[in-house]
Amino acid sequence: MKMSTEGSKIDTHSVLPDKYRANLHLEDPTVQWRYGKPPTYESANQLFEEGRTKVWPKGSLEETVQNAVKSWQVEINNKARLQDFKTINPEKFKFFVNGREGLSGEDVLGDGTFNAMLKSSLPDEYKFYKAEDETHESAHNDFKTCFPRGFAWEVIEVYSPPPLIAYKFRHWGFFEGPYKDHSPTGEMVQFYGMGTLKVDSSMKVEEVHVYFDPTELFGGLLKGKRTASESKTADSSASACPLFNLQK
């Protein structure tokens, strides 16, 4: 799937129908939401509609896959219990990123999608994101802050139909708030990736594989000017890390 701050704003009123997430306004009142109420997506939907490169025909395979992934984003980022998920088969679900070991639904729910996507086996001095130091909430808040209008996602291409769907995606947002000690640049930050979804006859996901280059994301975020209090330490670390040198 993918990483997303879409839906981070919590509605204080009733949830209205969402054109890309059909089940959002039909959720059972017993669902436990991580932030107390269902999310809303007005800002993220506007970002998506203004910036997407494809407009898929209604009912097409591409639109179906795109909306299915967006619905999964709602659940993994906002629901507190796996038993409330409608988009996956929790008994079979596994999530694989860049060939790493598969994570269960409970693993992803606990760690959050950002930590699941951005884990790395590199030595600490070479990491530009340390998933082990982040929680679901801290990572979510960092990316919500740096992408205040949301972090939009679209399907670029679908290569095969169910039960094994292969697709290409694009993820983008505008770096308009600080990311940790890096000041915003106002520029669009985006990356591309590939993925597969193994689904059952009800389109519930059993297995996800995602492949992408995280330096595409952090290359944009780490361009932001560092705050004075952090510059010296960060520059010292960068001298030992080719990735940081490339991303100044």
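Below, each value reflects all heavy atoms present in this structure, side chains not excepted, and no hydrogens, waters or symmetry copies.
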- Query: Which is it for Thr87 and Val205 under the side chain to side chain contact (heavy atoms under 4.5 Å, CB included) test, yes or no, and what are the steps along the way?
  - Reply: CA-CA 6 Å; Thr87 59; Val205 180; 5.6 Å; no
- Item | For Arg81 against Thr30, the heavy-atom pair lying closest together | NH2-O, 3.2 Å
- Atom pair CG (Leu221) and CD (Glu187), whose distance is rounded to the nearest 0.5 Å: 11.0 Å
- Message: Is a donor from one side chain sitting under 3.5 angstrom from an acceptor on the other, for Glu62 and Gln66?
- Response: no
- Phe96 with Met194, same ILVMFWY side-chain cluster at under 4.5 Å: no
- Message: Taking salt bridge (Lys or Arg N to Asp or Glu O under 4.0 Å) as the definition, give me every residue that meets it alongside Glu132, ordered by chain and number, with sequence neighbours left out.
- Response: Lys127
- Check: Pro38 main-chain N/O paired with Glu27 side-chain donor or acceptor under 3.5 Å: no
- Output yes when a side-chain donor or acceptor of Lys70 lies under 3.5 Å from a complementary backbone atom of Trp153, and no otherwise. yes
- Residue list, salt bridge (Lys or Arg N to Asp or Glu O under 4.0 Å) with Arg34, at least two apart or on another chain: Glu137
- Within-4.5 Å side-chain heavy-atom neighbours: Phe128 and Pro214: yes
- Message: One pair to check against side chain to side chain contact (heavy atoms under 4.5 Å, CB included): Ile88 and Val208. What are the steps and the verdict?
- Response: CA-CA 10 Å; Ile88 70 171; Val208 181; over 6 Å; no
- Please answer: with hydrophobic residues joined when any side-chain heavy atoms are less than 4.5 Å apart, are Val210 and Met203 in the same cluster? yes
- Any sub-3.5 Å donor-acceptor pair from Glu63's side-chain atoms to Gly59's backbone N or O? yes
- Message: Could you report the tightest heavy-atom contact between Val189 and Leu217, atom names first, then the distance?
- Response: CG1-O, 3.5 Å
- Query: For Tyr179, does its backbone N or O pair with a side-chain atom of Asp142 as donor and acceptor, under 3.5 Å?
  - Reply: no
- Message: Set out, in order, the CA-CA distance, both residues' side-chain angles and the distance that settles salt bridge (Lys or Arg N to Asp or Glu O under 4.0 Å) for Lys92 and Glu206, then state yes or no.
- Response: CA-CA 5 Å; Lys92 295 184 177 181; Glu206 297 179 345; 3.7 Å; yes
- Task: Calculate, to the nearest 0.5 Å, the distance between atoms CD and OG1 belonging to Glu154 and Thr53 respectively.
- Result: 3.5 Å
- Look at the aromatic rings of Phe114 and Phe151 and report parallel, tilted or perpendicular, splitting at 30° and 60°. parallel
- Task: Take Asp107 and Ser104 through the side chain to side chain donor-acceptor pair (under 3.5 Å) test and state the conclusion after the steps.
- Result: CA-CA 5 Å; Asp107 290 335; Ser104 69; 3.1 Å; yes
- Look at the side chain of Trp56 and the backbone N and O of Val155, then say whether any donor-acceptor pair between them is shorter than 3.5 Å. yes
- Message: Can you tell whether the side chains of Glu176 and Arg149 come within less than 4.0 Å, N to carboxylate O?
- Response: yes
- Message: Using a strict threshold of under 4.0 Å (side-chain N to carboxylate O), is an ion pair present between Lys198 and Glu207?
- Response: no
- Which pair of heavy atoms, one from Ser160 and one from Leu61, lies closest together, and at what distance? O-CD2, 4.1 Å
- Note on the structure: Rounding to 0.5 Å, atoms OH (Tyr129) and CZ (Phe218) come to a distance of 6.5 Å
- Applying side chain to side chain contact (heavy atoms under 4.5 Å, CB included), run through Phe191 and Thr215 and close with a yes or a no. CA-CA 9 Å; Phe191 67 90; Thr215 61; over 6 Å; no
- Task: To the nearest 0.5 angstrom, please state how far the OH atom of Tyr159 sits from the OH atom of Tyr167.
- Result: 12.0 Å
- Message: Between Glu134 and Lys180, does any NZ, NE, NH1 or NH2 come within less than 4.0 Å of an OD or OE carboxylate oxygen?
- Response: yes
- Would you confirm whether Thr145, through its side chain, and Pro178, through its main-chain N or O, come within 3.5 Å as a donor-acceptor pair? no
- Message: Looking at every non-hydrogen atom in both residues, tell me the closest pair between Ser43 and Pro148 and how far apart they are.
- Response: OG-O, 4.4 Å
- Query: How long is the gap from CH2 on Trp172 to CG on Leu47, to the nearest 0.5 Å?
  - Reply: 6.0 Å
- Message: I'd like to check the side chain to side chain contact (heavy atoms under 4.5 Å, CB included) partners of Lys119; sequence neighbours left out, ordered by chain and number.
- Response: Arg100, Leu103, Asp111, Ala131
- Worked check of side chain to side chain contact (heavy atoms under 4.5 Å, CB included) between Trp33 and Asp84: CA-CA 9 Å; Trp33 296 97; Asp84 292 327; over 6 Å; no
- d(Asn45 CG, Tyr20 OH) to nearest 0.5 Å is 6.0 Å
- Closest non-hydrogen atom pair, Val31 against Lys79: CG1-CE, 4.0 Å
- Message: Do Phe95 and Met117 make a side-chain contact, defined as non-hydrogen atoms from C-beta onward lying under 4.5 Å apart?
- Response: yes
- Task: Measure across Phe212 and Leu118 and return the closest heavy-atom pair with its distance rounded to 0.1 Å.
- Result: CZ-CD2, 4.1 Å
- Query: Backbone N or O of Thr113 within a donor-acceptor pair of the Asn77 side chain at under 3.5 Å?
  - Reply: no
